[in-house]
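Just so it is clear: chains get the letters A, B, ... in the order the sequence lines come, proteins before strands, and each one is counted from 1. Note that the structure is a prediction, hence the values are computed from the model and not measured.
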Amino acid sequence: MEKQKLTKLNEAAAFFRGEVKLMEENPVEGGEIQALTFKALAEFLEDTLRAAEERDKTIGWYMLGLTPELLLAMDIFPFNTEMLVLLLPTIQPDGLKEFIDIGERAGIPPEVCMIDKSMLGLMTRDELPRPDFVLGTSLPCDSIVVAYQIYKKLLPAPFFILDGPYFGDERDIDYYALQMKEAIKFLEEQTGRKMDYDRLKDIVEEDNRAFEYILEANELRKAVPCPQSGRLLTLTNFLRKYLVGTPGATAIFKKVRDDAKEKVERGLGAVPEEANRVIWFHIPTFFDLSILEWMENEFKAVIAMDLVSYLPLEPIDTSTSDSIIRGLAIKSLNTPMLRQFRGPLEFYTDDLIQVCEDYKADSVIFAGHLGCKHAWGFSGLVRETCKEIGVPILIFDLDCFDPSVTPSAIIKEKMAEFFKTLVFQ
Amino acid sequence: MTVLQELTELAKQIYNPYIENWQKQGGKTMGYFCSYVPEEIILAAGMLPYRVRATGSTQTTLGDAYMGAFNCSFIRHCLDQALRGSYNFLDGVIMLNGCDHVRRLWDTWRRKVDTPFCYFLQMPHLISNVTLAWYQQELIRFKESIEQHFKIKITDDQLREAIKTCNETRKLLGKLYQLRKKEAPPITGTEALNIIIPSTAMPKDQFNKLLKQLLTEIADRDDKAQYRARLMVIAIILDDPSLTQIVEESGGLVVADFSCIGPRHMWDLVDEAIEPMEAIAKRYLEQISCPRMMGDHPRRSQFIRSMVEEYRVDGIIFERIKFCDLWGAENYMLRLDAKEEDIPTLVLEREFQLVGLGQFKTRVQAFLEMLEGKPV
């Protein structure tokens, strides 16, 4: 089989490696965690490139909302299907443009979520490590429901899809856990190996350790002033997605927790003279994360908590293989963003109300990614909810991965107007 | 008035004399969205199953207060109609996770529209033994919820009767569709829609009676013989024949369609030989699917290919309401398949309320000219 060039993966790995070198050569105060995160990401991307070239391990794609623990436990190299879609815009604002264009020229309508369009583009250009099989789910939205159908049409690999329940009671969790067990059977058939439940337990326990640190760090962000920046939330999110169950990730999360703890003890905030505690309850502006710093500098507005970092869960019970599988099902159903968007309105608004209370919110930002039709579908009710709890909300539309829809300058204009007129009344 | 004329009039109304009469006799009416809601259970409960439409809606001012501009205009129009009271005649409404837009409609409807019974049915996105078992349990919960709210009991015998009635509707509509295979079909695509739409908005036994009469009336009609091309329309919900009308006024003849309200709704029968709830679950899960069903695109594609062959279709028109991701992607995949089979296609994107008719006419004309010029 012809060797894959994987240009974009190479570029991403080189970018993070380059950033690490710069940070090591020019260390800044408080930059250690970012340097460690970038280093971990660079290593992960280099591992991915190696796996794609050597093919000494089975490569399994898995959807963002699924848990790679099952793959790791069976010595399968896990590749998060949507990874490049999230990473490329953070490296270069129009990093996805050529792939979105391919998707649109192929016939995907422009207003369909860019995940579908850009993935089609990436696959057309053979920019993703060829999978030996794919694990998907129907959650959280139509975009994913169709995305995995497109991938299945274009890829020769076998697929296993988990059907996500709409609600979240015990019966629904049992349903999803049952399908996880079916997924394990699928993996065993694909690899000719049996699930190593001891290894799975080790991986989950390692992830539990990381998780405890994240929970503590999230708890510490409730302090006034908020000890850490909004950007740190996004950074550590990448680690949480791609470096599950690794001691390296646990060590970084421990540093995050320690840093937050020290700052809270010293009364230090990410933003001197913090004036506004923002709850960003939608997807981040991946194409321009500097907006988060701009908010902090211009308006002393810090993101105390965001949608993709909020994790109101317990660590997984590892006492039996059944409890592990059930725990993974719960974890998957509660993947941030999936958790709030996959079900009824209350899955979003209950969390929003709780977060606003816990983090002493002064404002809410609903950066309405236009691919998220399900979020736009309840935007009016979210506005009403914020009115009921007395927290001002800014709602605007954009494509979180493509600056051509709503450029940074326009976003900043809207935010500036919001902060000036509503929040500081 | 002929039966066809009567049905055409009924298709234009949200609330019609049949519903009025039904309700005057104390009958209850249960609204629903989506072809995945089992009408049989509603019918067995002694209620009239009513497919919610946005017929006649001309604005979304009220709906837009709750949903965004990126949400399906059909759903926004339905919401707007509901908020204006057009659906106050419903005793209940059922929605499901058919698509992102419908599930969000449920969130607003249950809070802002005073419908006494508002139920959300979970529908799997996959066809498998695991999902079938779960879905059957979901349907039992649904049935029990109706029983509890309305203080009734739905028996297996009532379910069997309802299955027979709905199957009868499907068979009769199937006969109607068979007539469209003819070289000179006795009905146009517009007429077919005007026949199907009322089937979702009046007592089924009365519709079945009318349809039997209609099949006799049109048996020898052959005045549709003059047309430029035989076409298939693939769409989400064809509750509004306007675009089909434009196509046919331009000289095309729509001989087949694939939509939530067409063959997919009627093709597969419920098995009358097995336990009714099991039979209903099987039929609704395993029916010819819509793009929400993952892993089933090959079967949908094959179904469409066989329709193209059986109905001798010259070209396919994809009619899509903007912001529908499910059909946006499905159309992309179906067009790949159509290209393989050398079937010409045309994509028409629209909002629920048709604007820019001139543009549509021009594109349809060009498509028909292309089909006429295509070498045999």
(request) Using heavy atoms and a sub-4.5 Å threshold, report which of residues 68-84 of chain B line up against chain A, by residue number. (result) G68(B), F70(B), N71(B)
(request) Spell out the residues in residues 94-104 of chain B that have some non-hydrogen atom less than 4.5 Å away from a non-hydrogen atom of chain A, in order of number; otherwise answer 'none'. (result) N97(B), C99(B), D100(B), H101(B), R103(B), R104(B)
(message) Need one label for L178(A): side chain, backbone, both or neither, based on atoms under 4.5 Å from any heavy atom in chain B.
(response) side chain
(request) Could you pull out the closest heavy-atom pair between A106(A) and Y332(B), with the gap in Å? (result) O-CD1, 3.4 Å
(request) Measure distances from K112(B) to the heavy atoms of chain A and classify the residue's part below 4.5 Å as side chain, backbone, both or neither. (result) side chain
Output side-chain donor-acceptor pairs under 3.5 Å for residues 180-187 of chain A, partner residues at least two apart or in another chain, one line each.
{"residue": "K181(A)", "atom": "NZ", "partner": "D322(A)", "partner atom": "OD1", "Å": "2.9"}
{"residue": "E182(A)", "atom": "OE2", "partner": "K185(A)", "partner atom": "NZ", "Å": "3.1"}

(message) Less than 4.5 Å to any heavy atom of chain B: does that hold for the side chain of K153(A), its backbone, both, or neither?
(response) side chain
(message) Using heavy-atom distances under 4.5 Å, tell me whether I144(A) contacts chain B through its side chain, its backbone, both, or neither.
(response) backbone
(request) If the plane angle is over 60° it's perpendicular, under 30° parallel, otherwise tilted; pick one for W106(B) and F120(B). (result) tilted
(request) Determine whether Y176(A) and L139(A) make a side-chain contact, defined as any pair of heavy atoms from C-beta on separated by less than 4.5 Å. (result) yes
(message) I'd like to know which of S379(A), C372(A), A375(A) tops the heavy-atom pair count under 4.5 Å against chain B.
(response) S379(A)
(message) Heavy-atom pairs under 4.5 Å with chain A - which of M67(B), M333(B), E349(B) has more of them than the others?
(response) M333(B)
(request) Could you tell me how the ring of F341(A) sits relative to the ring of F378(A): parallel (under 30°), tilted (30 to 60°) or perpendicular (over 60°)? (result) tilted
(request) Find the one option among M293(B), E330(B), R292(B), R110(B) whose heavy-atom pairs under 4.5 Å with chain A are most numerous. (result) R110(B)
(message) Quick test of your reading of the model: are R350(B) and E319(B) salt-bridged, counting only N-O distances below 4.0 Å?
(response) yes
(request) Measure distances from P140(A) to the heavy atoms of chain B and classify the residue's part below 4.5 Å as side chain, backbone, both or neither. (result) backbone
(message) So, using side-chain hydrogen bond (donor to acceptor under 3.5 Å, both in side chains) as the criterion, who are the partners of K387(A) when residues are at least two apart?
(response) none
(message) Checking Y148(A) against T81(A): is there a side-chain donor and acceptor pair closer than 3.5 Å?
(response) yes
(request) State plainly whether the residues E111(A) and K373(A) are in salt-bridge range, i.e. N to O under 4.0 Å. (result) no
(message) At a heavy-atom distance under 4.5 Å, which candidate from D142(A), L345(A), V146(A) has the highest pair count against chain B?
(response) D142(A)
(message) Name the residue from E413(A), M415(A), K414(A) that meets the side chain to side chain contact (heavy atoms under 4.5 Å, CB included) definition with I411(A).
(response) M415(A)
(message) Can you tell me which portion of P124(B) sits under 4.5 Å from chain A's heavy atoms? Options are side chain, backbone, both or neither.
(response) both
(message) Centroid separation under 6.0 Å, is that true for the rings of F159(A) and F133(A)?
(response) no
(message) Out of I395(A), L120(A), D116(A), V382(A), return the one with the most heavy atom pairs under 4.5 angstrom to chain B.
(response) L120(A)
(request) Could you tell me whether E170(A) and R326(A) make a salt bridge, using a distance below 4.0 angstrom between a side-chain N and a carboxylate O? (result) yes
(message) Under a 4.0 Å threshold between the charged nitrogen and the carboxylate oxygen, would E351(B) count as salt-bridged to K322(B)?
(response) no
(message) Quick check: do I393(A) and R383(A) have side-chain heavy atoms less than 4.5 Å from each other?
(response) yes
(request) Check whether Q137(B) gets within reach of chain A through its side chain, its backbone, both or neither, counting any heavy atom under 4.5 Å. (result) both
(request) Step by step, work out the side-chain contact (heavy atoms from CB on, under 4.5 Å) result for L338(A) and L333(A). (result) CA-CA 7 Å; L338(A) 250 84; L333(A) 289 173; over 6 Å; no
(message) Less than 4.0 angstrom from a charged side-chain N to a carboxylate O is my criterion; do E346(A) and R111(B) meet it?
(response) yes
(message) Is L154(A) in contact with chain B via its backbone, its side chain, both, or neither, using a 4.5 Å heavy-atom distance?
(response) side chain
(message) Quick check on the interface: out of S143(A), S138(A), G107(A), G368(A), who has the most heavy-atom pairs with chain B under 4.5 Å?
(response) S138(A)
(message) Assess whether a salt bridge exists between E278(B) and K282(B), defined as any Lys/Arg side-chain N lying under 4.0 Å from an Asp/Glu carboxylate O.
(response) no
(request) Count the heavy-atom pairs under 4.5 Å between each of R335(B), M123(B), R141(B) and chain A, then report the option with the highest count. (result) R141(B)
